[in-house]
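Whatever order the structure lists ligands and atoms in, that order sets their numbers, starting from 1. Predicted model, so just to flag it, every value in this text is computed and none were measured.
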Amino acid sequence: MEASLVPKSWNVEQILDDLDQHGFTIIDHAYSLEYVHQLVKECTSHLNEFRDAAIQNGVVSNIRSDHILWINENLAIAQQHIQALFQLSQSLNRAFYLGIKDVEAHFACYNAGEFYALHRDNPQGKNGRMISAVYYLHEQWQDDWGGELHLQDKNNIWHFIEPKPNRIAMFQSDLLHEVIEAKHQRLSITAWLRSDIGLL
Ligand code: OGA
Ligand code: MN
């Protein structure tokens, strides 16, 4: 694994404080525009490989209608984002004893009309997912385009988080949340900081 650092634009103190107080945090202007540009290119050039997220092991669910592509070592630009999250997880482990050992992630594409109904990423705390981090990488987003992340924080307060480009929404994986139907194509990377591998 190559040495890498948490990007300078990420205020680690703030991230730790927000997660502690509210169970979620927002990182805006997460990356340089140069990096964003490369990432959008990598994502959009693979859109034809995305699959229906609703179908898992041949079973169709109606909870979500987006399309996903798991990120592997062939997606070199997205890997840098995973590395940055992995670096951040060292600080999270020191602060909260989360024991994060791994980051798994997929690209997600919500076309107009697609959504993800209320769910938790780690129901009953069973699957090793500690922290979810969603990075939004479409080039623009207008506030009447829907597609908000609707999230209940650890104090049971609900928030609508707009999927602004170059933003990361990071939250405890056990919190209840949903993706409101988007009116335009919505591109993201969902990543999970995990305390173990392959239990799911
Ligand atoms: C997920 C998810 C939220 C978002 O992929 O599990 O809840 O804002 N994503 O895309
Ligand atoms: Mn989720």
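Shown in contact with V179 at under 4.0 Å from a heavy atom are these atoms of ligand 1, numbered in order with element: 3 (C), 4 (C), 8 (O), 9 (N), 10 (O). Here is the list of ligand 1 atoms found below 4.0 Å of a heavy atom in Y136: 4 (C), 8 (O).
By the 3.5 Å distance cut-off applied to N or O atoms, H177 is counted among the residues near ligand 1. When only interatomic distances are considered, the shortest N/O to N/O separation between H119 and ligand 1 falls below 3.5 Å.
Taking the six-membered ring for Trp, H106 and W192 have ring centres closer than 6.0 Å. For Y135 and Y31, the gap between ring centers is short of 6.0 Å.
What sits closest to atom 1 (C) of ligand 1 on the protein, heavy atoms only, is Y116 CE1, 3.7 Å. Looking from atom 5 (O) of ligand 1 to the surrounding protein, the closest heavy atom is T190 OG1, 3.1 Å. Annotation: atom 10 (O) of ligand 1 to nearest protein heavy atom, R186 NH1, 2.9 Å.
Here the angle at the Mn ion (ligand 2) defined by OD1 in D121 and NE2 in H177 stands at 100°, rounded to 10 degrees.
If you chain together hydrophobic residues whose side chains sit under 4.5 Å apart, W141 and I27 never meet in one group. A continuous path of Ile, Leu, Val, Met, Phe, Trp and Tyr side chains, each step under 4.5 Å between heavy atoms, connects L85 with L92, placing both in one hydrophobic cluster.
In the model, H177 has a side-chain atom that pairs as donor or acceptor with a side-chain atom of H119 under 3.5 Å. In the model, D174 has a side-chain atom that pairs as donor or acceptor with a side-chain atom of Q172 under 3.5 Å. Checking T25 against D18 by side-chain atom types alone, a donor-acceptor pair falls below 3.5 Å. A donor-acceptor contact closer than 3.5 angstrom is absent between the side chains of Q83 and Q79.
Residue contacts with ligand 1 do not include E178, since none of its heavy atoms lies under 4.0 Å from the ligand. Look at E148 and you'll find every heavy atom at least 4.0 Å from all atoms of ligand 1.
In this comparison of L187, V134, D121, L149, the heavy atom closest to atom 6 (O) of ligand 1 sits on D121.
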